[in-house]
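Keep in mind that this is a model prediction, so the values were computed, not measured. Any value given below was found using the heavy atoms of this structure, including those in side chains, with hydrogens, waters and symmetry copies removed.
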Amino acid sequence: MQALEGLKVLELGQLIAGPFAGKTLAEFGADVIKVEPADVGDPLRKWRMLRDGSSVWWEVQSRNKRSVCLDLRSVEGQEAARALALEADVLIENFKPGTLEAWGLGWEQLHALNPRLIMLRISGYGQTGPYRDKPGFGVLGESMGGLRYLSGEPGRVPVRVGISLGDTLAALHGVIGVLTALHHRTAHGGEGQFIDVALYESVFNVMESLLPEYDAFGAVRERAGSALPGIAPTNAYRCNDGHYVLVAGNGDSIFRRLMRAIGRPDLEEDPALRHNDGRVQHAESLDAAIEAWTLQRSRDEALAALDAAGVPVGRIYSVADIATDPQYLAREMIVEAPTSDGRTLKVPGVVPKLSATPGRIAHPAPRLGEHDDDLRSGGWPARSR
């Protein structure tokens with residue numbers, strides 16, 4: 001038995017944030033019914049690279065789910081959604097605030113129908129506040145949350161992280177909210193509740209010391225490229241074969257091992273460099289000393305030497321590196337899974353790893369409307385497969 005087996009989840013969202021939350025719950029056994037419009041389905045079916053007309057991203061984002069087609073703008077579709085919500089434990093949506101209310105499917109309406117229902121609501125700016133009605137996407141959440149300002153090289157245009165990180169952070173915060181609300185409902189005899197997740201707040205929540213440093217010192221953290229301001233030494237260092245190694249030598253004992261490994265006992269023994277606050281004052285000279293050493297070696301030589309010295313070191317991974325890496329393979333993070341067309345596809349494995357009730361990929365991503373017949377009498381259907 002999986003940890004979330006028996007949990008009924010109704011997914012009304014589309015694209016990334018809501019469906020990623022649904023995917024995560026489904027991987028641990030929840031029965032997730034994904035509602036899609038009948039004509040085109042979730043737009044993610046056509047995003048990024050397509051194989052035979054279908055996105056391979058879709059195969060990851062919607063695995064373990066069932067697909068039913070409902071027109072939520074129609075009376076019939078709304079009635080069918082209410083019938084499903086009547087039996088659901090969790091409803092996930094990431095529409096613009098007010099959309100479900102206009103369809104008669106808002107929190108107040110559904111809570112009155114099913115007091116045990118937990119509703120996860122993900123939006124750009126949240127369900128309240130002056131920006132509530134603005135359309136929001138991940139890129140805007142990343143920017144408003146402070147991430148975009150810090151991404152890139154000093155003096156250059158801020159760059160976007162190459163994935164929809166804001167959406168995924170919002171989804172993960174949403175899953176935390178769902179599991180917390182489920183515990184409250186079960187352990188404390190509470191009713192259901194709604195969880196209000198804003199993309200920008202999810203990004204802001206992981207911005208570490210950004211705000212207190214501004215409040216205490218008036219400091220506005222700026223872009224720093226591959227370095228991490230205030231922590232030293234940690235950076236990307238060039239090697240003589242054109243590759244880079246990433247070195248995190250910022251722990252006090254690690255720093256001493258690093259200096260010993262690069263033949264700089266003078267820096268290892270310098271009292272001014274004993275702790276991070278002192279090393280930060282000399283970050284540029286420390287980076288120069290480390291890169292002087294790496295430039296005399298290939299990437300593999302530098303990796304081997306620093307590994308042997310017990311210094312955290314790594315290379316910059318492309319997806320080609322990831323797909324064949326022994327650590328990924330040993331932990332089943334590269335999984336060959338079946339798809340609905342009968343073929344297979346390498347996809348990311350399931351995280352986190354639970355010892356007693358691990359997640360799994362039980363079913364491929366569904367074809368559009370594949371489970372319409374499962375609705376039968378209009379209530380929550382028994383799973384057909």
Measure the shortest side-chain to side-chain distance between Phe20 and Val175 over non-hydrogen atoms and say whether it is less than 4.5 angstrom.
no
Are the side chain of Lys353 and the backbone of Gly359 linked by a donor-acceptor contact shorter than 3.5 Å?
no
Heavy-atom closest contact (Leu147 atom, Ser151 atom, distance)
O-OG, 3.0 Å
Around Asp373, counting heavy atoms of other residues, nucleotides and ligands shown, do more than 12 lie under 6.0 Å from its CG?
no
Counting neighbours of CZ on Arg360 that are heavy atoms of other residues, nucleotides or ligands and sit closer than 6.0 Å, is the number greater than 12?
no
Using a strict cut-off of less than 4.0 Å between a Lys/Arg side-chain nitrogen and an Asp/Glu carboxylate oxygen, indicate whether Asp241 and Arg297 qualify as a salt bridge.
no
NZ of Lys23 to CD of Glu27: how many Å apart, nearest 0.5 Å?
3.5 Å
Does any donor atom in the side chain of Gln2 or Thr357 lie under 3.5 Å from an acceptor atom in the other side chain?
no
Quick check: does any side chain N or O of Ser202 sit under 3.5 Å from a backbone N or O of Ala198, one acting as donor and the other as acceptor?
yes
Is there a donor-acceptor contact under 3.5 Å from the side chain of Asp372 to the main chain of Cys69?
yes
Could you walk me through whether Arg121 and Glu101 pass the salt bridge (charged side-chain N to carboxylate O under 4.0 Å, His left out) test, one step at a time?
CA-CA 12 Å; Arg121 317 196 74 171; Glu101 281 74 10; 2.9 Å; yes
If the threshold is 4.0 Å, N to carboxylate O, is there a salt bridge linking Lys34 and Asp42?
yes
Any chance you could measure Leu267, atom CG, to Arg279, atom CZ, to the nearest 0.5 Å?
11.5 Å
What class does the angle between the rings of Phe95 and Trp103 fall in, given that below 30° is parallel, 30 to 60° is tilted and above 60° is perpendicular?
perpendicular
Check the pair His275 / Asp252 against side-chain hydrogen bond (donor to acceptor under 3.5 Å, both in side chains), numbers first and verdict last.
CA-CA 6 Å; His275 303 297; Asp252 293 346; 2.8 Å; yes
Passing candidate, side-chain contact (heavy atoms from CB on, under 4.5 Å) with Val90, options Val178, Leu117, Val32, Ile195:
Val178
A cation-pi test, strictly: NZ or CZ of Arg315 under 6.0 Å from the centre of the six-membered ring of Tyr244 and no more than 45 degrees from its axis. Yes or no?
no
Would you sort out whether Asp31 and Arg66 count as a salt bridge (charged side-chain N to carboxylate O under 4.0 Å, His left out), showing the intermediate values?
CA-CA 8 Å; Asp31 182 6; Arg66 292 191 276 174; 2.7 Å; yes
Strictly below 4.0 Å, N to O, side chains only: are Arg148 and Glu142 in salt-bridge contact?
no
So how far is it from Leu44 CG to Gln14 CD, rounded to the nearest 0.5 Å?
9.5 Å
Asp270 and Ala272 have their tightest heavy-atom pair at OD1-N, 2.9 Å
Should we say atom CD of Glu87 is surrounded by more than 12 heavy atoms from elsewhere, each under 6.0 Å from it?
yes
Between Arg82 and Leu105, is there a side-chain heavy-atom distance shorter than 4.5 Å?
yes
How far does CG of Leu150 sit from CD of Glu208, to the nearest 0.5 angstrom?
10.0 Å
Start with the C-alpha distance between Arg367 and Asp341, add both sets of side-chain angles, then the distance that settles salt bridge (charged side-chain N to carboxylate O under 4.0 Å, His left out), and finish with yes or no.
CA-CA 9 Å; Arg367 298 184 299 275; Asp341 62 4; over 6 Å; no
Between Leu246 and Ala236 the two heavy atoms that sit nearest each other are CD2-CB, 3.5 Å
Using a strict cut-off of less than 4.0 Å between a Lys/Arg side-chain nitrogen and an Asp/Glu carboxylate oxygen, indicate whether Glu191 and Arg185 qualify as a salt bridge.
no
Would the number of heavy atoms belonging to other residues, nucleotides or ligands and lying under 6.0 Å from CD of Glu5 be above 12?
yes
Between Arg264 and Glu268 (salt bridge meaning N to carboxylate O under 4.0 Å), is one present in this structure?
no
Any cation-pi pair here, Arg223 with Tyr149, using under 6.0 Å and within 45°?
yes
Please give me the minimum heavy-atom distance between Pro381 and Leu84, naming the atom from each residue.
CD-CD2, 4.2 Å
Of Leu375, Asp374, Ile33, Leu86, which meets side-chain contact (heavy atoms from CB on, under 4.5 Å) against Trp380?
Ile33
Arg256 and Glu269: salt bridge (charged side-chain N to carboxylate O under 4.0 Å, His left out), yes or no, with the steps?
CA-CA 8 Å; Arg256 292 193 291 273; Glu269 298 164 4; over 6 Å; no
Verify the distance criterion only: is there a donor paired with an acceptor across the side chains of Glu336 and Thr344 at less than 3.5 Å?
yes
In terms of ring plane angle, is the pair Tyr200 and Tyr125 parallel, tilted or perpendicular, where the classes change at 30° and 60°?
tilted
Over 60° means perpendicular and under 30° means parallel, so classify the ring planes of Tyr328 and Tyr317, tilted if in between.
tilted
Roughly how far, to the nearest 0.5 Å, is CD of Glu93 from CG of Leu110?
10.0 Å
Looking at every heavy atom in both Ser298 and Cys239, which two are closest together, and how far apart are they?
C-CB, 3.8 Å
Would you give the length of the straight line joining atom OG of Ser164 to atom CD1 of Ile16, rounded to the nearest 0.5 angstrom?
3.5 Å
Does CZ in Arg51 sit with more than 12 non-hydrogen atoms of other residues, nucleotides or ligands closer than 6.0 Å?
yes
Counting C-beta onward and ignoring hydrogens, is there a side-chain heavy-atom pair between Arg45 and Ser62 closer than 4.5 Å?
no
So which atom in Asp307 and which in Val313 form the shortest heavy-atom distance, rounded to 0.1 Å?
OD1-CG1, 3.6 Å
